[in-house]
Number of protein chains: 2
Amino acid sequence: MRRDVFQAIADPTRRAIIALIALQSLTPNTIAENFNTSRQSISKHLRILTECELVHQEQQGREIYYSLKIEKMKEIDAWLEQYRKIWETRFNQLENVLSTIKKQAK
Amino acid sequence: MRRDVFQAIADPTRRAIIALIALQSLTPNTIAENFNTSRQSISKHLRILTECELVHQEQQGREIYYSLKIEKMKEIDAWLEQYRKIWETRFNQLENVLSTIKKQAK
DNA sequence: ATTTTGCGCAACCAAAAAGTTGCATATATA
DNA sequence: TATATATGCAACTTTTTGGTTGCGCAAAAT
């Protein structure tokens, strides 16, 4: 059972859940109301998100509030960093080319 | 058949392929040499990456060179942006709290 | 011209994932 | 106390995915 952040965000429903609980804690039922799927399937997605340590649970009476562990999202950001470097370099190279052309035009 | 960038990067082999061809174009055979899986399975991953428009193919005789379309990676970056805003805001809030504590300490 | 090489594609298979159904458990409420 | 509500969990089904095998085709090498 692969269980990492990349796997977690691969599913569109999970990305939508992430977006929902990014700013406020919500219960499974409330989350499920936003989708046209069953509570149980949302529950399953929440379990996966929990296993990936992407969400935090807080029991309050018989309700469980789920919220996003935003720090975990930084893992994706960190992975992306290497590619960000590449596209920035390419952009700079393009800039150099453009400025060279400019100079030659004078 | 869902086919988006998030689905593409969900598989560790595909992430490794992306890393491999990020800086230089490679043929399927060369890519496959870096893994202990068959050429065909790599070929299949390349097809998925192509369908997601994450890679670019360039035929050269009977060889096909694959390279990363780095711009596509920016889609992930764009998606991440909304969460980056959140964690930066939270950091600033923490900063405010800390500076308030500092002031009170004086 | 024949053989080898690089590749994609389709068919198949096993494993995993997504969703459903049914239940158990704990907390509220009447 | 009996009932309703919120939830997790396990079993089952269907769909998707990753991988293999076996082709066919075109380009290179012999």
Side-chain angles (χ1 to χ4, degrees), chain A residues 1-21 24-69 72 75-76 79, chain B residues 1-21 24-69 72 76:
Chain A
M1 209 186 304
R2 221 188 313 134
R3 214 105 287 186
D4 60 37
V5 203
F6 298 100
Q7 235 266 311
I9 63 163
D11 185 272
T13 306
R14 281 198 289 271
R15 285 202 300 281
I17 293 176
I18 288 173
L20 264 176
I21 60 172
Q24 53 178 334
S25 308
L26 293 175
T27 63
N29 267 324
T30 321
I31 295 168
E33 280 167 17
N34 290 275
F35 301 90
N36 41 4
T37 182
S38 68
R39 180 192 59 82
Q40 277 87 345
S41 98
I42 295 295
S43 223
K44 239 181 153 182
H45 283 304
L46 283 171
R47 180 146 69 117
I48 291 169
L49 291 171
T50 307
E51 280 168 15
C52 299
E53 299 176 291
L54 251 170
V55 302
H56 173 248
Q57 308 179 35
E58 201 173 338
Q59 185 109 25
Q60 236 169 74
R62 67 183 161 181
E63 291 178 326
I64 301 176
Y65 283 86
Y66 286 85
S67 58
L68 185 67
K69 279 192 186 174
K72 198 70 181 181
E75 272 186 24
I76 306 164
W79 174 78
Chain B
M1 212 186 300
R2 223 189 311 134
R3 214 108 283 185
D4 61 37
V5 204
F6 298 99
Q7 235 265 309
I9 63 164
D11 186 89
T13 307
R14 281 198 289 271
R15 285 202 299 279
I17 293 177
I18 288 173
L20 264 176
I21 61 172
Q24 53 178 333
S25 308
L26 293 175
T27 63
N29 267 323
T30 321
I31 295 168
E33 279 167 19
N34 290 276
F35 301 90
N36 41 5
T37 181
S38 68
R39 178 193 59 83
Q40 277 86 344
S41 97
I42 296 295
S43 223
K44 241 181 151 180
H45 283 303
L46 284 171
R47 182 147 68 121
I48 291 169
L49 291 172
T50 306
E51 281 169 13
C52 300
E53 299 176 290
L54 251 170
V55 302
H56 173 247
Q57 308 180 34
E58 201 174 337
Q59 185 106 25
Q60 236 170 74
R62 67 180 162 183
E63 292 179 325
I64 300 176
Y65 284 86
Y66 285 86
S67 58
L68 185 66
K69 279 193 187 174
K72 198 72 181 181
I76 306 163

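Proteins get letters first, then strands, A, B, ... in listed order; numbering begins at 1 in each.
- Atoms NZ (B:Lys44) and C1' (C:dA14) sit 12 Å apart, rounded to a whole Å.
- For the pair B:Asp11 CG and D:dT17 C1', the computed distance is 9 Å after rounding to whole Å.
- Put simply, A:Thr37 has no side-chain N or O that comes within less than 4.0 Å of OP1 or OP2 on C:dG19.
- One finds no side-chain N or O of B:His45 lying less than 4.0 angstrom from the OP1 or OP2 phosphate oxygen of D:dT17.
- Here D:dT17 presents its P atom at 13 Å from CG of B:Leu49, a figure rounded to the nearest Å.
- Where A:Gly61 and A:Ile48 each meet DNA chain C at their nearest nucleotide, the meeting point lying more 5' is that of A:Ile48.
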Test side-chain contact (heavy atoms from CB on, under 4.5 Å) on A:Trp79 and A:Val5; report intermediate values, then the result. CA-CA 11 Å; A:Trp79 174 78; A:Val5 203; over 6 Å; no
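- Close to D:dT17, at under 4.0 Å from its OP1 or OP2, lies a side-chain N or O of B:Gln7.
- When the P atom of D:dT7 is taken as reference, atom CD1 of A:Ile42 falls 12 Å away, rounded to whole Å.
- Atom P of nucleotide C:dG6 and atom CD of B:Glu58 are separated by 19 Å, given to the nearest angstrom.
- Distance, B:Glu51 CD to D:dT17 P: 10 Å, rounded to whole Å.
- Atom CG of A:Leu26 and atom C1' of D:dT7 are 15 Å apart (whole Å).
- For B:Arg14 (side chain) and B:Ala8 (main-chain N/O), a donor-acceptor pair under 3.5 Å exists by modelled atom type.
- Within the 4.5 Å cutoff, side-chain heavy atoms of A:Ile17 are placed close to those of A:Leu46.
- Considering every non-hydrogen atom in both A:Leu68 and A:Leu54, the closest pair reads CD1-O, 3.3 Å.
- One can place CZ of A:Arg3 at 13 Å from C1' of C:dA15, the figure rounded to the nearest angstrom.
- Every residue two or more places apart in sequence or in another chain that forms a side-chain contact (heavy atoms from CB on, under 4.5 Å) with A:Glu53 is listed here: A:Lys69, A:Lys72.
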Give the intermediate values and the outcome of side-chain contact (heavy atoms from CB on, under 4.5 Å) for residues B:Leu20 and B:Phe35. CA-CA 11 Å; B:Leu20 264 176; B:Phe35 301 90; 3.7 Å; yes
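- Scanning for ring-ring contact (aromatic ring centres under 6.0 Å, His included) contacts around B:Tyr65 gives an empty result, with sequence neighbours left out.
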Interface polar pairs with nucleotides 7-9 of chain C, N/O, under 3.5 angstrom:
from, atom 1, to, atom 2, distance (Å)
C:dC7, OP1, B:Ile64, N, 3.4
C:dC7, OP2, B:Asn29, N, 3.1
C:dC7, OP2, B:Asn29, ND2, 2.7
C:dG8, OP1, B:Tyr66, OH, 2.1
C:dG8, OP2, B:Ser43, OG, 2.5
C:dG8, N7, B:Arg39, NH1, 3.3
C:dG8, O6, B:Arg39, NH2, 3.1

